[in-house]
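If you're wondering where the values come from, they're calculated on a predicted model, not measured in any experiment.
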Amino acid sequence: MIDDSRAMRKILRGLLADLGFEVLEAGNGREALDLLQSTGRVPDLALVDWNMPVMNGLEFVIEARKITEMRQMTLMMVTTESEHGQIVRALAAGAHEYVIKPFTRDGIIDKLALLGLVPVGVSS
């Protein structure tokens, strides 16, 4: 998960860990790309905030989509950006889903189920 807020990373880490995901964290898009490239690991899913220093979430989505090995990674924006144009830009750049903060646990789980990453009806 990529978010400059430690508190938000803690919330999302707990939710994802409860669902059985192994969680890697980064405080911005550049840090995330560096981490993924240095470990050679590409996760199934990245939850990405929009507003971050150094490299924002949209820039991360664009850059990740340029890297062949990362194209299969599911990208879900989790952000306060709620303007329709922003949502369209993120989806056009390669994000698969978009969740507006504040979100609920069930809202995240529903989006993950829609993406086929957790079984429908899971409410761990």
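- For His96 (side chain) and Leu75 (main-chain N/O), a donor-acceptor pair under 3.5 Å exists by modelled atom type.
- Using a 4.5 Å heavy-atom threshold, the side chains of Leu112 and Phe21 count as touching.
- No side-chain heavy atom of Thr104 sits under 4.5 Å from any side-chain heavy atom of Asp110.
- Taking both residues in full, the closest heavy atoms of Ala90 and Leu58 are given as CA-CD1, 3.9 Å, listed atom of the first, atom of the second, then distance.
- What you find for Val23 and Ala17 is that their closest heavy atoms are CG2-N, 4.2 Å.
- Summarising the geometry, atom CE belonging to Met70 is positioned 6.5 Å from atom CZ belonging to Phe60; distances are rounded to the nearest 0.5 Å.
- Applying side chain to side chain contact (heavy atoms under 4.5 Å, CB included) to Glu97 and the options Leu115, Leu117, Ile108 leaves one that passes, Leu115.
- In the hydrophobic cluster analysis, where Ile, Leu, Val, Met, Phe, Trp and Tyr join through side-chain heavy atoms closer than 4.5 angstrom, Ile100 is grouped together with Leu91.
- For the residue pair Met73 and Ala64, the shortest heavy atom distance occurs at CE-CB, 4.1 Å.
- Heavy-atom contacts from other residues, nucleotides or ligands closer than 6.0 Å to CG of Asp44 number 12 or fewer.
- Under the rule for a salt bridge (Lys or Arg N to Asp or Glu O under 4.0 Å), the partners of Arg9 that lie at least two apart in sequence or sit in another chain are Glu25.
- If you chain together hydrophobic residues whose side chains sit under 4.5 Å apart, Ile67 and Val61 fall into the same group.
- When all heavy atoms of Ile2 and Ala32 are compared, the closest pair comes out as CD1-CB, 3.4 Å.
- You'll find the side chain of Arg89 reaches within 4.5 Å of the side chain of Trp50, heavy atoms only.
- Hydrophobic clustering (side-chain heavy atoms under 4.5 Å, transitive across Ile, Leu, Val, Met, Phe, Trp, Tyr) groups Leu45 together with Ile109.
- No more than 12 heavy-atom neighbours from other residues, nucleotides or ligands sit within 6.0 angstrom of NZ on Lys10.
- Of the possible polar contacts, none joining the Tyr98 side chain to the Gln86 backbone as a donor-acceptor pair under 3.5 Å is found.
- Val99 is connected to Ile11 through a chain of hydrophobic side-chain contacts under 4.5 Å among Ile, Leu, Val, Met, Phe, Trp and Tyr, so both are in one cluster.
- Rounded to the nearest 0.5 Å, atoms NZ (Lys111) and CE (Met77) are 13.0 Å apart.
- Contact of the Asp49 side chain with the Met8 side chain is not registered, since no non-hydrogen atoms from C-beta on lie closer than 4.5 Å.
- Between atom CZ of residue Phe103 and atom CG of residue Leu47 there is a gap of 8.0 Å, rounded to the nearest 0.5 Å.
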Please list every donor-acceptor pair under 3.5 Å in which a side-chain atom of residues 33-42 meets a protein atom from a residue at least two apart or in another chain.
unit_1, atom_1, unit_2, atom_2, d
Asp34, OD1, Arg30, NE, 3.2
Asp34, OD1, Arg30, NH2, 3.2
Ser38, OG, Asp34, O, 3.2
Ser38, OG, Leu35, O, 3.1
Thr39, OG1, Leu35, O, 3.0
Thr39, OG1, Leu36, O, 3.4
Thr39, OG1, Arg41, N, 3.2
Arg41, NH1, Glu22, OE2, 3.4
Arg41, NH2, Glu22, OE1, 3.2
Arg41, NH2, Glu22, OE2, 2.8

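- Put simply, the side chain of Asn28 does not reach to within 4.5 Å of the side chain of Asp4, judged on heavy atoms.
- For the atom pair Asp106 CG and Leu15 CG, the distance stands at 9.0 Å (nearest 0.5 Å).
- For the residue pair Gly57 and Val48, the shortest heavy atom distance occurs at CA-CG1, 3.5 Å.
- Between Asp3 and Val78, every side-chain heavy-atom pair lies at or beyond the 4.5 Å cut-off.
- In this view, Glu31 satisfies the side chain to side chain donor-acceptor pair (under 3.5 Å) rule with no residue, not counting sequence neighbours.
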